[in-house]
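For reference, the structure discussed in these notes is given below.
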Amino acid sequence: MGSHDLGVAEVTAELYRNGMAPLVVFTGATSRTTRERMPRGEAEHYRERAIQLGVPSDAILVEPQARNTGENIRFSRALLEEQGVPVSSVLLVSKPYEERRAYATARKLWPDVEFVSASASMTLADYIDSISDARLVVDMLVGALQRLLIYPAQGFMISQEVPRDVQDAYERLCAQGFTSRLIPDASQAE
């Protein structure tokens, strides 16, 4: 799943080298967060990093158009179908705070496939250090949680339980101004 975090490509390469998947699909265009850091698109930069880490180029497909999680899933599915690749299970690799969103979206859009989510195993503090932008990480985390709360009703993902204490923390972070990644009009489509 494309994003600002090149660590996703590194985790993917490690999982590939450990025999967890026979094929890698990197998906993602650019966004306001990645436009300058990944000008050729998230998927292409991920591909380049994975090759540097030993993943053979012929084991990688690139989907360079997706601009959101739903498109990541739909466009990757279409690419795999176009390439004649049968799929019964998918290992979704994303940023640590995006695992639930990626999983819930994938289950909604591709219900006949088994999904497992993965990400780098680290604390929030370590993740913030790896990105070097605490504000960005917390804003993105708040935006990801908002989508978990509102997207099921809009048909973009399956519903998942969000514990009350997590909802309370979300509300506190919103009140403190961590709102740059919120959807201002909750009726907007994914």
Side-chain angles (χ1 to χ4, degrees), residues 1-31 33-34 38 40-122 127 140 143-145 147-162 189-190:
M1 309 294 285
S3 75
H4 64 274
D5 182 357
L6 200 55
V8 173
E10 294 166 359
V11 170
T12 302
E14 180 181 352
L15 292 169
Y16 175 84
R17 288 190 317 265
N18 290 335
M20 298 298 293
L23 179 68
V24 172
V25 178
F26 288 122
T27 174
T30 58
S31 68
T33 308
T34 63
M38 298 179 180
R40 292 180 308 286
E42 298 158 8
E44 186 56 37
H45 284 268
Y46 278 22
R47 183 190 75 79
E48 291 167 2
R49 183 65 180 138
I51 289 171
Q52 290 172 349
L53 295 170
V55 178
S57 62
D58 63 353
I60 300 172
L61 295 176
V62 172
E63 183 295 298
Q65 302 300 316
R67 296 193 178 275
N68 61 51
T69 306
E71 288 182 356
N72 289 137
I73 303 302
R74 288 194 312 273
F75 295 174
S76 294
R77 180 181 183 177
L79 175 62
L80 289 163
E81 289 172 355
E82 176 185 299
Q83 295 290 317
V85 177
V87 177
S88 61
S89 64
V90 171
L91 178 56
L92 296 166
V93 184
S94 64
K95 300 178 299 268
Y97 58 87
E98 288 286 350
E99 280 191 46
R100 289 183 68 180
R101 178 177 174 198
Y103 175 82
T105 303
R107 288 286 318 279
K108 178 70 177 185
L109 298 177
W110 206 352
D112 53 333
V113 168
E114 179 183 346
F115 290 95
V116 174
S117 291
S119 65
S121 179
M122 60 178 60
Y127 187 74
M140 298 285 276
L145 185 55
R147 286 155 180 79
L148 283 177
L149 296 170
I150 66 173
Y151 277 1
Q154 296 175 4
F156 298 137
M157 65 176 59
I158 63 167
S159 182
Q160 296 183 76
E161 181 181 340
V162 177
E190 160 93 319

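The basis for the numbers below is simple: all heavy atoms, side chains too, and nothing from hydrogens, waters or symmetry mates. Starting from 1, each residue takes its place in the sequence as its number.
Surrounding CZ of R100 are more than 12 heavy atoms belonging to other residues, nucleotides or ligands, all under 6.0 Å away.
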Side-chain donor-acceptor pairs under 3.5 Å in residues 54-65, sequence neighbours left out?
residue : atom : partner : partner atom : Å
E63     : OE1  : T27     : OG1          : 2.4
E63     : OE1  : A66     : N            : 3.2
E63     : OE2  : Q65     : N            : 2.6
E63     : OE2  : A66     : N            : 3.1

Exercise answer: donor-acceptor pairs, residues 10-26 side-chain atoms, under 3.5 Å, sequence neighbours excluded:
residue : atom : partner : partner atom : Å
E10     : OE2  : R49     : NE           : 3.0
E10     : OE2  : R49     : NH2          : 3.3
T12     : OG1  : V8      : O            : 2.8
R17     : NH1  : L53     : O            : 3.0
N18     : ND2  : E14     : O            : 3.3

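Residues Y127 and K95 form a side-chain contact, since some pair of their non-hydrogen atoms from C-beta on lies under 4.5 Å apart. At least one side-chain heavy atom of W110 sits under 4.5 Å from a side-chain heavy atom of V90.
Residue E44 holds its CD atom at 13.0 Å from OG1 of T30, rounded to the nearest 0.5 Å. Summarising the geometry, atom OG1 belonging to T105 is positioned 12.0 Å from atom CD belonging to E71; distances are rounded to the nearest 0.5 Å. Between the CZ atom of R101 and the CG atom of L92 there is a distance of 12.5 Å, given to the nearest 0.5 Å. Distance CD/Q160 to CZ/R107: 9.0 Å, rounded to 0.5 Å. A distance of 7.0 Å separates CG of N72 from CG of N68, quoted to the nearest 0.5 Å. Atom CG of L148 sits about 12.0 Å away from atom CD of E161, to the nearest 0.5 Å.
The two residues I73 and A106 have their closest heavy-atom pair at CD1-CB, 3.8 Å. Between P96 and S119 the shortest heavy-atom distance is CA-OG, 3.3 Å. For D112 against R77, the heavy-atom pair with the smallest separation is OD1-NH2, 4.2 Å.
For the pair Y46 (side chain) and S3 (backbone), a donor-acceptor distance under 3.5 Å is present. Using modelled atom types, no side-chain atom of R40 and backbone atom of H45 make a donor-acceptor pair closer than 3.5 Å.
A donor-acceptor pair shorter than 3.5 Å cannot be found between the side chains of E99 and S94.
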